[in-house]
Every structure is written in structure tokens, then in C-alpha cells.
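Have a look at the structure below, then the notes.
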Amino acid sequence: MNECTKILIVETDKIIRAGISAYISEKRPNWLVHEAENGYEAMEVADQESISFFTIDYYLPTISGLDLIIELKRMHTTGKFILFTSPLPDHLKTEIEVLGVKRLDKPISEDSIVSMLKYFES
């Protein structure tokens, strides 16, 4: 049986989260899109679903996007991750690279979502 590709969008801003979700649903109708507004919701979804791709905002309440990725990697080692960030200090950029995570700058645009899809499908 061919399993559906599942993506989890973790973003506190409801409008941004809905926009990313709608774009992905339109461009990849065979993907199942899950959403979470914070890290703890994301961990609950990831615990219940086999997620292939994760898009995560760096600035989340209670747990940073980077710490969330570390936790999710412990749970799901095969998923691909993109971290959406504002400009970061170099030491954080290095830490993100070491984790094997792709970083895309905010604000999120159609171009960044297209880049995200290309990365996930590569």
C-alpha cells in the first residue's frame, strides 16, 4: 500500500499557517497537511502520525523551533525539516546546519514555499 505524504506546519500565526497549508493543498493535493500552533501540539501530532516533512517557525512559545526539531528528530529520524527564521546569529546558523536542517528566511512568500517544496522533493 502506498502511504500518503504527510507534512506538519508548525507556526504560531494562524493566517501564515493557513496560507502555507492552502498553498500546499493546492499544489500537492495528494499530500496530507497537518497543522500545529506550538511545539507541544507538534509533538502530539508527530507522535500519532508518520510525518515526512516538517516546516517549523523558529520563534514558538514555550519551546524554540530549534529545540522542537531536536525533540522531533528523536521521535522521527527520517523526516526532512525546514526552519523558517528571521535573521539569526552565526552560531545558531551553524547549529542548524549541524542538525541537517534547511533554513529559509521570513517573511514567508510564494517563492519560499516553492523552495520548500523543491527541498522536500529532492
Side-chain angles (χ1 to χ4, degrees):
M1 182 187 301
N2 191 8
E3 189 169 326
C4 177
T5 298
K6 297 177 185 175
I7 184 167
L8 177 57
I9 301 164
V10 187
E11 169 63 57
T12 56
D13 187 304
K14 185 177 184 176
I15 294 170
I16 293 173
R17 194 172 63 244
I20 296 170
S21 180
Y23 188 90
I24 292 170
S25 294
E26 178 186 327
K27 300 296 182 185
R28 302 296 184 275
N30 58 326
W31 289 18
L32 181 59
V33 180
H34 293 277
E35 298 180 21
E37 70 176 299
N38 62 55
Y40 296 111
E41 281 184 20
M43 286 187 275
E44 285 178 19
V45 171
D47 191 42
Q48 297 171 9
E49 300 289 338
S50 179
I51 304 294
S52 303
F53 308 129
F54 298 84
T55 68
I56 300 174
D57 182 18
Y58 181 81
Y59 296 102
L60 297 172
T62 65
I63 182 172
S64 77
L66 193 55
D67 289 336
L68 174 60
I69 289 171
I70 292 167
E71 288 300 316
L72 290 170
K73 280 184 168 274
R74 288 182 184 147
M75 298 166 65
H76 299 277
T77 57
T78 60
K80 279 186 163 180
F81 295 84
I82 287 187
L83 187 65
F84 282 107
T85 70
S86 300
L88 294 173
D90 287 342
H91 73 280
L92 287 177
K93 289 178 187 175
T94 302
E95 189 172 347
I96 292 165
E97 287 176 21
V98 167
L99 286 172
V101 173
K102 180 160 179 68
R103 184 179 63 83
L104 292 174
D105 289 331
K106 280 190 161 188
I108 297 172
S109 65
E110 184 174 353
D111 287 343
S112 61
I113 297 172
V114 168
S115 293
M116 174 190 75
L117 292 174
K118 285 180 182 178
Y119 170 73
F120 285 152
E121 294 175 324
S122 66

TODO: Write out all pairs satisfying salt bridge (charged side-chain N to carboxylate O under 4.0 Å, His left out) with one or both partners inside residues 16-32, taking only residues at least two apart or from two chains.
DONE: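 Passing the test, one end in residues 16-32: Arg17-Glu35, Arg28-Glu121.
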
- [ ] Check the pair Ile9 / Ile24 against side-chain contact (heavy atoms from CB on, under 4.5 Å), numbers first and verdict last.
- [x] CA-CA 10 Å; Ile9 301 164; Ile24 292 170; 4.1 Å; yes

Cluster question for you: counting only ILVMFWY and a side-chain heavy-atom cut-off of under 4.5 Å, with indirect links fine, are [X] and [Y] together?
X: Leu60; Y: Ile51; answer: yes
X: Leu104; Y: Val10; answer: no
X: Trp31; Y: Leu8; answer: no

Could you report the tightest heavy-atom contact between [X] and [Y], atom names first, then the distance?
X: Tyr59; Y: Pro87; answer: OH-O, 4.5 Å
X: Ser112; Y: Pro107; answer: OG-O, 4.4 Å
X: Ile63; Y: Gly39; answer: CG2-CA, 3.7 Å
X: Leu68; Y: Ala42; answer: CD2-CB, 4.0 Å
X: Leu117; Y: Tyr23; answer: CD1-CE2, 4.1 Å
X: Pro61; Y: Thr12; answer: CD-CG2, 3.1 Å

Distance, nearest 0.5 Å, that separates [atom1] of [X] from [atom2] of [Y]:
X: Lys73; Y: Ile70; atom1: NZ; atom2: CD1; result: 9.5 Å
X: Leu66; Y: Ile56; atom1: CG; atom2: CD1; result: 9.5 Å
X: Lys93; Y: Leu83; atom1: NZ; atom2: CG; result: 12.5 Å
X: Glu71; Y: Met43; atom1: CD; atom2: CE; result: 6.0 Å
X: Ile20; Y: Met116; atom1: CD1; atom2: CE; result: 6.5 Å
X: Asp57; Y: Ile82; atom1: CG; atom2: CD1; result: 13.0 Å

Open item on the list: Has Lys80 got a side-chain atom pairing as donor or acceptor with Tyr119's backbone, closer than 3.5 angstrom?
Closed with: yes

Is there side-chain contact between [X] and [Y], with at least one heavy-atom pair below 4.5 Å?
X: Met75; Y: Leu72; value: yes
X: Ile7; Y: Val33; value: yes
X: Leu88; Y: Arg103; value: yes

Open item on the list: Below 30° counts as parallel, above 60° as perpendicular, anything between as tilted: where do the rings of Phe54 and Phe81 land?
Closed with: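 The rings of Phe54 and Phe81 lie parallel, inter-plane angle below 30°.
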
Open item on the list: Once you measure the plane-to-plane angle for Phe120 and Phe53, does it fall in the parallel (<30°), tilted (30-60°) or perpendicular (>60°) bin?
Closed with: parallel

